[in-house]
**Student:** 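After the C-alpha cells below, expect a handful of questions from me.
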Amino acid sequence: MGHGYRVAVTAGRWVIVAVWVALAVGFTAFLPSSGGGGGGFGDLLPPDSPVLRIEQRILDQFRVPVLSGTTVVVHQEGGLSLLTRADSVLWALATTQDVLDAPEPPIPGQIVAAIPVPTGTANTTVTYLYMSDRTGTRNTDRLAN
C-alpha cells in the first residue's frame, strides 16, 4: 500500500501542484475578504464586534485614535538613567512632530504619533504608538522595536 501511494504521488506530482494552485486561486477569488488588507488586529474580530464599534466611535469623536494598539515599555531594575528617560520622551515628541510637519499625509506602515506617558517611577518609561492605516502586525512590531 505504501509503495502504491509513493508511485501515485510521484507520478502525479504536477497534478497535485496544479490542484494546490487552483485551490489557492479559488479561495482568494471567491472567499470574502476584509477589504482593508492591513493584516491588523481588527482583521481578527468579526465586523459587528463591540470593540470595533467603540473604536469607531472614538475615531469619530477624536482626530487621533485614543486607543493605542502598541505600547513600548522600557524597564530596568534599579532605575533608568536620566538620559535614557529623557531620550525616550524626546524620541516620542520628535517622531510625532516629524509627522505633523510632513507636507504629505502619513503612508501605510508608519508611526503617526508617539505619546510618552509619565509612570511616576524612575525604572520604567511607557510610550503609546499610533500607526497609520493599513499597518499590519508584523510591520507594527518592527516599528515598535
**Student:** Using the rule given for side chain to side chain donor-acceptor pair (under 3.5 Å), can you reason through R142 versus N145, listing the C-alpha separation, both sets of side-chain angles and the distance that settles it, and then say yes or no?
**Tutor:** CA-CA 5 Å; R142 182 187 61 78; N145 285 327; over 6 Å; no
**Student:** What about W14 and V7, same hydrophobic cluster or not, with Ile/Leu/Val/Met/Phe/Trp/Tyr joined at side-chain heavy-atom distances under 4.5 Å?
**Tutor:**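 No, it is not one cluster - the side chains of W14 and V7 are not joined through contacts under 4.5 Å.
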**Student:** Take V126 and T71 through the test side-chain contact (heavy atoms from CB on, under 4.5 Å) and record every step on the way to the result.
**Tutor:** CA-CA 7 Å; V126 176; T71 305; 3.5 Å; yes
**Student:** With heavy-atom distances below 4.5 Å as the criterion, would you say the side chains of T125 and P116 are in contact?
**Tutor:**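 Answer no - side chains too far apart.
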**Student:** Minimum heavy-atom separation for T127 and A92, please, with both atom names.
**Tutor:**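 Between these two residues, the closest heavy atoms are CG2-CB, 3.9 Å.
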**Student:** I'd like to know if the side chain of T124 reaches the main chain of H75, judged simply by a donor and an acceptor atom lying under 3.5 Å from each other, with no hydrogens or angles considered.
**Tutor:**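 Not a single qualifying donor-acceptor pair exists.
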**Student:** In terms of hydrophobic clusters joined by side-chain contacts under 4.5 Å, are V73 and I115 together?
**Tutor:**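 Yes.
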**Student:** Within this structure, what is the CH2-CD1 distance for the pair W20 and I16, rounded to the nearest 0.5 Å?
**Tutor:**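 W20 atom CH2 to I16 atom CD1 measures 7.0 Å (nearest 0.5 Å).
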**Student:** Roughly how far, to the nearest 0.5 Å, is the CZ atom of R85 from the CG atom of L90?
**Tutor:**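 That separation rounds to 12.5 Å.
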**Student:** Which atoms form the tightest heavy-atom contact between G109 and N139, and what is the distance?
**Tutor:**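 Answer, listing the atom of G109 first, then N139: CA-ND2, 3.1 Å.
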**Student:** If hydrophobic clusters are built from ILVMFWY residues whose side chains come within less than 4.5 Å, do Y130 and I107 share one?
**Tutor:**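 No.
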**Student:** With a 4.5 Å heavy-atom cut-off, do M131 and V112 have their side chains touching?
**Tutor:**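 No, every pair of side-chain atoms sits at 4.5 Å or beyond.
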**Student:** Do side-chain atoms of R13 reach the backbone of T10 as a donor and acceptor pair under 3.5 angstrom?
**Tutor:**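 Indeed, once roles are kept as given, a pair shorter than 3.5 Å links the two residues.
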**Student:** With the side chain counted from C-beta on, respond yes when L129 and L143 share a heavy-atom pair under 4.5 Å apart, and no when they do not.
**Tutor:**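 Counting from C-beta outward, L129 and L143 never come under 4.5 Å.
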